[in-house]
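Contents: one structure, followed by commentary.
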Amino acid sequence: MSALQELLTDELRDLLHAEGQLVKALPKMARAAKSPKLKQAFEKHAEETKNQVDRLKQVFELLGERPKAKPCKAMMGLVEEGQEQITEGKEKEPPVSDLMLIAAAQKVEHYEISGYGTARTMAEKLGQNKVAKLLAQTLAEEEKTDKLLTQLSPPLLDQAAEDEEEERSEEHTSELQSHHDL
């Protein structure tokens, strides 16, 4: 096996483990989401991720390799961070907790975009066009999910800002009232 094919296989094993972790993590994120659109996005991506695992197994088959996962420490850290966001988000207002989930999810998406982009490029260099096509399909799904998360953020940011403004206004009114009572 060439050094480049060995590197590709290693990257794919890392991605296989990463996706396996996400199959478990995404339903938890969906349950934690308050926004119906965000919940739906996580649920859809959880299903997509299962298909991505199957696609990776096809890639291993095309390369004549066993689909054996290699522990992905980066994804372990990102999933742990996502779990922290879920826990901390329970104490926050809904738009803020959803924004925390989106931030965690986009870090995951960016890691996957990087991993699949790199693997696709290596597969192309090795002349593994079917492999490259399958990896490009997953890459496109990851990019689409990232864009969707970006689109879901502005209304949540607006709502969080409105909530904070209302809170400041109520505090100010309360201060004026207690000052007036003196």
Side-chain angles (χ1 to χ4, degrees), residues 1-33 35 37-87 98 100-153:
M1 181 186 310
S2 76
L4 186 55
Q5 183 157 343
E6 202 172 302
L7 180 59
L8 173 60
T9 301
D10 195 53
E11 287 294 318
L12 293 170
R13 288 188 168 139
D14 184 82
L15 286 167
L16 184 60
H17 188 261
E19 295 291 18
Q21 291 179 73
L22 292 176
V23 165
K24 296 173 190 162
L26 283 165
K28 292 177 187 175
M29 293 184 86
R31 283 191 300 274
S35 156
K37 287 181 182 178
L38 182 58
K39 187 180 289 287
Q40 183 181 18
F42 284 141
E43 288 169 349
K44 180 178 184 248
H45 197 54
E47 286 306 308
E48 221 169 40
T49 301
K50 290 175 188 173
N51 293 331
Q52 292 168 354
V53 169
D54 292 339
R55 200 175 296 134
L56 275 172
K57 289 177 181 175
Q58 272 184 274
V59 163
F60 280 105
E61 195 175 300
L62 287 168
L63 293 172
E65 296 287 334
R66 279 186 335 119
K68 182 180 170 209
K70 168 191 164 194
C72 179
K73 293 176 185 168
M75 190 59 73
M76 288 173 172
L78 291 170
V79 167
E80 186 178 321
E81 201 171 295
Q83 185 57 54
E84 285 175 10
Q85 299 291 48
I86 289 170
T87 302
D98 281 349
M100 292 168 69
L101 291 173
I102 288 172
Q106 285 195 291
K107 289 175 186 175
V108 165
E109 292 309 312
H110 293 181
Y111 180 80
E112 290 180 300
I113 288 166
S114 169
Y116 281 106
T118 299
R120 181 208 54 209
T121 301
M122 282 190 242
E124 288 170 347
K125 273 292 180 212
L126 288 166
Q128 293 283 352
N129 296 332
K130 287 181 182 176
V131 168
K133 189 175 179 181
L134 288 170
L135 296 172
Q137 187 178 348
T138 299
L139 176 60
E141 290 171 354
E142 302 297 3
E143 290 170 338
K144 186 177 176 185
T145 298
D146 181 51
K147 283 183 181 141
L148 175 61
L149 291 169
T150 297
Q151 291 168 355
L152 292 175
S153 294

(request) Could you tell me which non-hydrogen atom of A25 sits nearest to which non-hydrogen atom of V79, and how far apart they are? (result) CB-CG1, 4.0 Å

(message) Can you tell me if K28 has over 12 outside heavy atoms packed within less than 6.0 Å of its NZ?
(response) no

(request) Please round to the nearest 0.5 Å and tell me the distance separating atom CG of L8 and atom CD of E124. (result) 11.0 Å

(request) Identify the two heavy atoms, one from A132 and one from R120, that lie closest to each other, and give their separation to 0.1 Å. (result) O-CG, 3.5 Å

(message) Under the criterion salt bridge (Lys or Arg N to Asp or Glu O under 4.0 Å), I'd like the reasoning laid out for K50 against E47: C-alpha separation, chi angles, the key distance, then a yes or no.
(response) CA-CA 5 Å; K50 290 175 188 173; E47 286 306 308; 3.2 Å; yes

(request) Measure the spacing between CG of L134 and CD of Q137 and express it to the nearest 0.5 Å. (result) 6.5 Å

(request) Would you name the heavy atoms of S153 and I102 that are closest together and state the gap between them? (result) OG-CG2, 3.5 Å

(message) Give me each pair satisfying side-chain hydrogen bond (donor to acceptor under 3.5 Å, both in side chains) with a member in residues 103-112, each pair once, sequence neighbours excluded.
(response) D14-Y111, H45-E109, E81-K107, Q106-D146, Q106-T150, H110-D146

(request) Please list all pairs passing the side-chain hydrogen bond (donor to acceptor under 3.5 Å, both in side chains) test where one or both residues lie in residues 67-79, with sequence neighbours left out. (result) D10-K70

Output side-chain donor-acceptor pairs under 3.5 Å for residues 53-66, partner residues at least two apart or in another chain, one line each.
unit_1 : atom_1 : unit_2 : atom_2 : d
R55    : NH1    : T138   : OG1    : 2.5
R55    : NH1    : E141   : OE1    : 3.2
R55    : NH2    : E141   : OE2    : 3.1

(request) For L135 and A123, work out which heavy atoms get closest and say how close. (result) CD1-CB, 4.3 Å

(request) Measure the shortest side-chain to side-chain distance between M75 and H17 over non-hydrogen atoms and say whether it is less than 4.5 angstrom. (result) no

(request) Could you tell me the separation between the CG atom of L12 and the CG atom of L7, rounded to the nearest 0.5 Å? (result) 9.5 Å

(request) Locate the shortest heavy-atom distance separating Y116 from E142; write the atom from each residue and the value. (result) CE1-OE2, 4.0 Å

(request) Please report the shortest heavy-atom distance between K39 and A30, naming the atom on each side. (result) NZ-O, 2.9 Å

(request) With rounding to the nearest 0.5 Å, note down the distance linking CD in Q21 to CD in E80. (result) 10.5 Å

(request) Kindly determine whether T9 and R13 satisfy side chain to side chain contact (heavy atoms under 4.5 Å, CB included), including the steps that lead there. (result) CA-CA 6 Å; T9 301; R13 288 188 168 139; 3.7 Å; yes

